[in-house]
Undergrad: 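This is the structure I want to talk about, given as structure tokens.
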Amino acid sequence: MRKVTFHVANSLDNFIARADGAVDWLMSSDDATRIMRDYWKTIDTLLLGRKTHEFALKHGGSNPYMGIKTYVFSRTLKDDQSGVVEIVPTYATEFVRHLKRRKGKDICVMGGGELARSLFEANLIDEVGLNIHPVLLGAGVPLFHSMKRQINLELIDNRTLKNGCVYVTYRVKK
């Protein structure tokens with residue numbers, strides 16, 4: 001069965017963007033680029049919510065997903081005219097359950113926590129990868145939203161990057 005990972009960059013106080021959506025505080029580094037380049041080789045499917053997709057299009061050009069099969073979960077978007085993504089108007093949990101059973105590489109959930117929350121609650125996320133930036137934003141878009149249950153994690157890996165970020169990978173305990 002394919003593994004589903006939730007990958008995101010966040011501030012130390014667990015925000016993924018400022019309240020206005022800005023991510024000007026994110027720090028790039030050769031270390032993070034290498035980690036993500038290796039990670040992209042392990043996946044062939046990307047799952048996004050509408051807000052993350054709209055952000056990616058605004059900041060990443062017409063095809064920010066590098067040829068990876070990308071599904072966007074939205075009840076308001078009707079169709080993707082560019083052919084870059086497939087819009088999924090249904091609830092994510094059954095769709096992702098089906099994807100996990102298909103042959104292929106692993107699956108990445110990227111971006112905001114609203115989509116991730118539903119997948120965590122359905123026990124569909126297997127790993128969490130966080131690139132934690134050494135900044136306290138004080139307010140913004142939260143990494144995690146309130147959940148109905150506790151999610152227990154087991155540390156798999158942690159790396160201190162040269163720019164002061166810490167990259168951690170956790171396995172979700174089932």
Undergrad: Going by heavy atoms in the side chains, are E86 and T70 under 4.5 Å from each other?
TA: no
Undergrad: Determine whether L153 and L12 fall in the same hydrophobic cluster, where Ile, Leu, Val, Met, Phe, Trp and Tyr are linked whenever their side-chain heavy atoms lie under 4.5 Å apart.
TA: yes
Undergrad: How long is the gap from CZ on R18 to OG on S11, to the nearest 0.5 Å?
TA: 9.5 Å
Undergrad: Can you run down the salt bridge (charged side-chain N to carboxylate O under 4.0 Å, His left out) pairs that involve residues 142-154, sequence neighbours left out, and say none if there aren't any?
TA: E154-R171
Undergrad: So, taking the atom named CG in D44 and the one named SG in C108, what distance separates them when rounded to the nearest 0.5 Å?
TA: 11.5 Å
Undergrad: Below 4.5 Å, heavy atoms only, C-beta onward: do R159 and V166 meet side chain to side chain?
TA: no
Undergrad: Determine whether I156 and V128 fall in the same hydrophobic cluster, where Ile, Leu, Val, Met, Phe, Trp and Tyr are linked whenever their side-chain heavy atoms lie under 4.5 Å apart.
TA: no
Undergrad: Answer whether the closest heavy-atom distance between the side chains of L47 and F73 falls below 4.5 Å.
TA: yes
Undergrad: Would you say the side-chain atoms of T5 pair up with the backbone N or O of H7, donor to acceptor, closer than 3.5 Å?
TA: no
Undergrad: Test of understanding: clusters of I, L, V, M, F, W, Y form through side-chain heavy atoms closer than 4.5 Å, transitively. Do V85 and W40 belong to the same one?
TA: yes
Undergrad: Should V72 and V88 count as side-chain neighbours, where that means a heavy-atom distance under 4.5 Å?
TA: no
Undergrad: Is there a side-chain contact between F15 and L143, using heavy atoms and a 4.5 Å cut-off?
TA: no
Undergrad: Please check this pair: side chain of D13 against backbone of L137, looking for a donor-acceptor N/O pair closer than 3.5 Å.
TA: yes
Undergrad: How close do M27 and C165 get, heavy atom to heavy atom, and via which atoms?
TA: CE-SG, 3.5 Å
Undergrad: Kindly write out the residues that satisfy side chain to side chain donor-acceptor pair (under 3.5 Å) with T169, not counting sequence neighbours, or none if the list is empty.
TA: none
Undergrad: Locate the shortest heavy-atom distance separating I125 from A116; write the atom from each residue and the value.
TA: CD1-O, 3.8 Å
Undergrad: Of all residues at least two apart in sequence or in a different chain, which pass the side-chain contact (heavy atoms from CB on, under 4.5 Å) check with S29?
TA: D31, A32, L161, N163
Undergrad: Tell me whether S118 contacts the main-chain N or O of L115 through its side chain, where contact means a donor paired with an acceptor under 3.5 Å.
TA: yes
Undergrad: Is any side-chain heavy atom of T42 closer than 4.5 Å to a side-chain heavy atom of K105?
TA: no
Undergrad: Write out all pairs satisfying side-chain hydrogen bond (donor to acceptor under 3.5 Å, both in side chains) with one or both partners inside residues 126-135, taking only residues at least two apart or from two chains.
TA: K3-E127, K100-D126, D126-K174
Undergrad: To the closest 0.5 Å, what do you measure between CD1 (I151) and CZ (F120)?
TA: 6.5 Å
Undergrad: In Å, rounded to the nearest 0.5 Å, how long is the span from CZ of F144 to CG of N10?
TA: 7.5 Å
Undergrad: Applying side-chain contact (heavy atoms from CB on, under 4.5 Å) to Y167 and T160, what does each step give before you reach the verdict?
TA: CA-CA 6 Å; Y167 185 83; T160 302; over 6 Å; no
Undergrad: Quick one: do the T45 and R2 side chains pair a donor with an acceptor below 3.5 Å?
TA: yes
Undergrad: When you group the ILVMFWY residues by side-chain heavy-atom contacts below 4.5 Å and let the links chain together, are I16 and Y170 in the same group?
TA: yes
Undergrad: Could you measure the distance from the NZ atom of K173 to the CD atom of Q150? Nearest 0.5 Å is fine.
TA: 10.0 Å
Undergrad: Side-chain heavy atoms nearer than 4.5 Å, only ILVMFWY residues, links allowed to pass through others: does that put L26 and V168 together?
TA: no
Undergrad: Go through the steps to decide whether L119 and V109 satisfy the test side-chain contact (heavy atoms from CB on, under 4.5 Å), and finish with yes or no.
TA: CA-CA 9 Å; L119 299 177; V109 178; 3.6 Å; yes
Undergrad: About how many Å separate CZ of F6 and CG of L130, when rounded to the nearest 0.5 Å?
TA: 7.5 Å
Undergrad: Side chains of I43 and I107, heavy atoms from C-beta outward: is any pair under 4.5 Å?
TA: no
Undergrad: What are the two closest non-hydrogen atoms of V135 and W25, and how far apart are they?
TA: CG1-CE3, 3.6 Å
Undergrad: Using residues 92-99 as the side-chain source, report each donor-acceptor pair under 3.5 Å to any protein atom, sequence neighbours left out, with the distance given to one decimal.
TA:
{"residue": "E94", "atom": "OE2", "partner": "R97", "partner atom": "NH1", "Å": "2.6"}
{"residue": "H98", "atom": "NE2", "partner": "R102", "partner atom": "NE", "Å": "3.4"}

Undergrad: How would you list, by chain and number, every residue that makes a side chain to side chain donor-acceptor pair (under 3.5 Å) with Y91, sequence neighbours excluded?
TA: none
Undergrad: Quick one: closest heavy-atom pair of S74 and I87, and the distance?
TA: O-CG2, 4.1 Å
Undergrad: Is the NZ or CZ atom of K41 both under 6.0 Å from the centre of the six-membered ring of Y39 and within 45° of that ring's axis?
TA: no
